Number of protein chains: 2
Amino acid sequence: MTGQVRTVDGRVAGRRGQATRQKLLDCLSEMLSSSPYRDVKVIDVARKAGTSPATFYQYFPDVEGAVLEIAETMAAESASLAGLTAGRSWTGKAGWQTAQELVDGFMEFWRRNDAILRVVELGAAEGDKRFSKIRMKILNSVNSSLADSVADLQAKGRVDKDVNPAAIAGSLVVMLAGAASQQKGFSSWGVKQAELKPNLALLMYLGVTGRKPTK
Amino acid sequence: MTGQVRTVDGRVAGRRGQATRQKLLDCLSEMLSSSPYRDVKVIDVARKAGTSPATFYQYFPDVEGAVLEIAETMAAESASLAGLTAGRSWTGKAGWQTAQELVDGFMEFWRRNDAILRVVELGAAEGDKRFSKIRMKILNSVNSSLADSVADLQAKGRVDKDVNPAAIAGSLVVMLAGAASQQKGFSSWGVKQAELKPNLALLMYLGVTGRKPTK
DNA sequence: TCGGTAAGCTGACGGCATGACAGGACAAGT
DNA sequence: ACTTGTCCTGTCATGCCGTCAGCTTACCGA
């Protein structure tokens, strides 16, 4: 899909170049986890990678450019999220299981990509279309599948006519994302991870089906 | 509650000083709305306020410090959110009305304070306790009230024993916050503002009461 | 083996933001 | 007019940004 990897000035990157490039990305990832986004400086990333700032600018236009790169890789990996909802049933006990596994998988993915997702959320909220697009790509797999499920149930008359499947699905996905990204916030409310998950699953089930789960 | 306004080097600020200080805060607010957080520079804020960077540093330790100030003012104003839930009924038609008004008020508040809330969310997600505290203060008024409502219904046996009121309330509040902060994201999913709100209200009602609303 | 060529890296530099300080401008009271 | 304390800014050392020319390294064909 993407062509060859190229430097900013148009040269094609060879083995060594790609390795350096990757090392810079890895170090940037680490820095994002350990210090506030606003304070991540090119020079720190370069130092950490054992190279010079000039090298950084050979591969990326700026910090944001490199962040986008990382985010795109992650978005590609997010394809695995689709498996959490694709072709699953939302009725009866199987539905409850679906809800639980979705919550579990989603939270796990979010926690694994914690740092970079924070930046993506910020960029998207600030109206940057490149970040919005990536955010969409990640959430879409889950979202569209959920919307389909709601629409299905609606067609069968098991969900009210006046609900908007896309709106419901979007809201639920946003809830998952919010809960995942502010997990610490919940502990201040006296809610532990382990308690949070089943309650999220309950809300997912309720939202999709409009009725209480049979466990 | 807070004592006198003081400069960084300990002097008390007089009328004129407070005015300058406030102007700097206002300009910073504007800048946060118009450019990415990462790119907001002291020198730009100062120029916009018709003063010099040195003046800025007289009143605030850095950009983050000033942002915290703005956020705290906003948190104080968020007390108005408490009125959206305090003492409201969650049963029958009144409950549906409560849900709608809560969604409406919350979204409006969030939209009004869009820019600063983005930064607060980021700071909190990055683990900065000062931002987490402010975030808590804003969400708490709604959250604790919701949790109380759930606990009430639970005591009356109208909600299952095994739900955790705090977890449910927190998740719902997070959903509202997420939906409010990424309103543009929904339009990419083909969901308009006007359609989104009733669906959010539906999810709120479902979450709190565990059953469908009677409209 | 030996250039030739392109990839890869860095030192160095002008430019700009940061953050500190000392001193000048200003308002208010005497 | 003088004093006092508040308020603002010119200036400076420091450090990061982003670019360039030029050096080193790897690869390849003859």
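In this text, all values refer to a predicted model and were calculated from it rather than measured experimentally. Each chain gets a letter, A, B and so on, in the order the sequences are listed, and its residues count up from 1.
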For [N], does OP1 or OP2 lie under 4.0 Å from any side-chain N or O of [X]?
X: A:T20; N: C:dC9; answer: yes
X: B:S52; N: D:dG10; answer: no
X: B:T55; N: D:dC8; answer: no

Distance (rounded to the nearest 0.5 Å) between [X] [atom1] and [Y] [atom2]:
X: A:L146; Y: A:L172; atom1: CG; atom2: CG; answer: 6.5 Å
X: A:M107; Y: A:W110; atom1: CE; atom2: CH2; answer: 11.0 Å
X: B:L102; Y: B:L176; atom1: CG; atom2: CG; answer: 5.5 Å
X: B:L25; Y: B:T73; atom1: CG; atom2: OG1; answer: 7.0 Å

Distance-only, no hydrogens or angles: does the A:S34 side chain make a donor-acceptor pair with backbone N or O of A:E30 under 3.5 Å? yes
Do any N or O atoms from the side chain of A:T51 and from the backbone of A:R47 form a donor-acceptor pair under 3.5 angstrom?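 The answer is no, because no donor-acceptor pair under 3.5 Å joins these two groups.
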Just wondering, more than 12 heavy atoms not from A:K23 lying within 6.0 Å of its NZ?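 No, because the 6.0 Å sphere around NZ of A:K23 holds 12 heavy atoms or fewer from other groups.
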B:N140 side chain to A:W189 side chain, donor-acceptor N/O pair below 3.5 angstrom: yes
Side chain of [X] only, please: which of [options] is the nearest?
X: A:R11; options: C:dT18, C:dG8, D:dC17; answer: C:dG8
X: A:Y59; options: C:dA17, D:dC17, C:dG8; answer: C:dG8
X: A:T51; options: D:dC16, C:dT10, C:dG8; answer: C:dT10

Enumerate all atom pairs, one protein N or O and one N or O from nucleotides 19-30 of chain C, separated by less than 3.5 Å.
residue, atom, partner, partner atom, Å
C:dG19, OP2, B:Y57, OH, 2.9

Among residues 23-38 of chain A, which ones have heavy-atom contacts with DNA chain C below 4.0 Å? none
C:dC9 P sits how many Å from A:R21 CZ, rounded?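 Those two atoms, CZ and P, are 12 Å apart.
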Mind checking if B:F56 touches a base, just sugar-phosphate, or nothing, with heavy atoms under 4.0 Å? nothing
